[in-house]
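Have a look at the structure below before the remarks.
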Amino acid sequence: MSAEPITRPEPATLDAADRRIVNRLQDGLPLVAAPYAAVAAELELSEGELLYRLERLLESGVLSRFGPMYHAERLGGGLTLAALAVPEPDYPRITELVNAFPEVAHNYRREHRLNMWFVLATETPMRIDEVVAEIEAATGLPVYNMPKQEEFHVRLHLPV
């Protein structure tokens, strides 16, 4: 039995302004009353143009998400990395089931026996085990829960 090839959308064409936006926003937004207006001024764009381009980059899939990163544990929540070994023919269906959980923050395909990795972020630490059990019930697959033992801050900047 052969698996269907993964289809990916055609890459969007980025102009110079799009590239400046993506590169600049990887450094975060300034803590000012009008952060988008401040960044737009830095980039010599109007605030409306910046917001329009961000929306277009999200809709086209160039950006998968744009928003703040929170430290869930400091806010009283729970956070864990989890994985599944998904049979290839079931991958699309299992992906939809897992991604339907609002606690799933990120979901990545891996070339490994554990081929689906995802981050769970919950309102309380106790909710992690509940969500793991709910995902196991929904998918019929065991979830490998890998809670953080030590935190490292690695700044990742991907110049475009």
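Every value quoted in this text rests on a predicted model; they were computed, and no experiment measured them.
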**Fill in**
Of all heavy-atom pairs linking Gly76 and Pro125, the shortest is O-CD, 3.4 Å
**Request:** Using the test salt bridge (Lys or Arg N to Asp or Glu O under 4.0 Å), find all partners of Glu47 that sit at least two apart in sequence or belong to another chain.
**Result:** none
**Request:** Tell me, please, which residues at least two apart from Arg20 pass salt bridge (Lys or Arg N to Asp or Glu O under 4.0 Å).
**Result:** none
[atom1]/[X]: more than 12 non-hydrogen atoms of other groups inside 6.0 Å:
X      : atom1 : answer
Glu123 : CD    : no
Leu31  : CG    : no
Phe66  : CZ    : yes

[atom1]/[X] to [atom2]/[Y] distance, rounded to the nearest 0.5 angstrom?
X      : Y      : atom1 : atom2 : answer
Met116 : Arg109 : CE    : CZ    : 8.0 Å
Leu25  : Leu43  : CG    : CG    : 7.0 Å
Glu130 : Thr122 : CD    : OG1   : 8.5 Å
Arg53  : Leu14  : CZ    : CG    : 9.5 Å
Asp18  : Asn23  : CG    : CG    : 11.0 Å
Tyr91  : Leu84  : OH    : CG    : 8.5 Å

Report, one line per pair, each donor and acceptor closer than 3.5 Å where one atom sits in a side chain of residues 100-108; sequence neighbours left out.
| from | atom 1 | to | atom 2 | distance (Å) |
| --- | --- | --- | --- | --- |
| Glu103 | OE2 | Arg127 | NH2 | 3.2 |
| Asn107 | ND2 | Asn99 | OD1 | 2.8 |

**Fill in**
Quick note, salt bridge (Lys or Arg N to Asp or Glu O under 4.0 Å) partners involving residues 25-40, not counting sequence neighbours, are Asp27-Arg155
Validation: residues 137-146 side-chain donor-acceptor distances under 3.5 Å, sequence neighbours left out:
| from | atom 1 | to | atom 2 | distance (Å) |
| --- | --- | --- | --- | --- |
| Thr139 | OG1 | Ile135 | O | 2.8 |
| Thr139 | OG1 | Leu141 | N | 3.1 |
| Asn145 | OD1 | Thr80 | OG1 | 2.5 |

Within one Ile-Leu-Val-Met-Phe-Trp-Tyr cluster: [X] and [Y], side-chain cutoff 4.5 Å:
X     : Y      : result
Ile94 : Leu81  : no
Tyr52 : Leu29  : no
Ile21 : Leu51  : yes
Leu58 : Tyr36  : yes
Leu79 : Trp117 : yes

List for me each residue that meets side-chain hydrogen bond (donor to acceptor under 3.5 Å, both in side chains) alongside [X], sequence neighbours excluded, and say none if there are none.
X      : result
Glu136 : none
Arg24  : Glu42
Asn115 : none

**Message:** My understanding is that only residues two or more places apart in sequence, or in another chain, count here; which of them pass side-chain contact (heavy atoms from CB on, under 4.5 Å) with Ala34?
**Reply:** Ala37
**Prompt:** side chain to side chain contact (heavy atoms under 4.5 Å, CB included) with Leu54: which of Leu63, Val39, Val22?
**Reply:** Leu63
